[in-house]
Amino acid sequence: MTDGKNRLEGGAQDADERLIAGIRRELDRSCDALDGHTLSRLNRIRHVALARRQSRATRLLLPFGGFVTACVLVLTVTLFMPGSLTESDDPVPPLEDIDILASNDSLDLYEDYEFYEWLASNE
């Protein structure tokens, strides 16, 4: 049964190829019969269509190029100046802040944090 199905598919492919070849021959024959004015007009239309296609591709790639440039710039600044993005005037390291925020203790103690810090430094 599979062999019969393969033969039918092969016959359909042969018929499709013959149909395509016949259409191609007919189109080539009709193109050969065109006058010079029509051929010139078709040639101009083809050149205009190709120029539009190239300009459309350029317009599509322009925003993508800008995005890639911005990403490369951010990556370069991050790699070569790592301290510039994370430095702050706050003397408390960020990890200590995370411990404070994650704790379940009341935040009343931290309202007078500067006082306790001064008290600890004057002991």
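The structure presented is a predicted model; accordingly, all values stated were derived computationally and were not measured.
Hydrophobic clustering, with ILVMFWY side chains joined whenever heavy atoms are under 4.5 angstrom apart, groups L27 together with L19. V48 and L50 fall into different hydrophobic clusters, where Ile, Leu, Val, Met, Phe, Trp and Tyr are joined by side-chain heavy atoms under 4.5 Å apart, directly or via other members.
Between the CD atom of E117 and the CG atom of N122 there is a distance of 11.0 Å, given to the nearest 0.5 Å. Note that CZ of R44 is 7.5 Å distant from CZ of R41, once rounded to the nearest 0.5 Å. Separating the CG atom in L42 from the NE2 atom in H37 is a distance of 9.5 Å, to the nearest 0.5 Å. If you take CZ on R24 and CD1 on I20, they are separated by 7.0 Å, rounding to the nearest 0.5 Å.
Residue pairs meeting the salt bridge (charged side-chain N to carboxylate O under 4.0 Å, His left out) criterion with at least one member in residues 27-39, sequence neighbours excluded, are E26-R29.
Checking each of V74, T69, L75, T76 against V72 for a side chain to side chain contact (heavy atoms under 4.5 Å, CB included) leaves exactly one that passes, namely T76.
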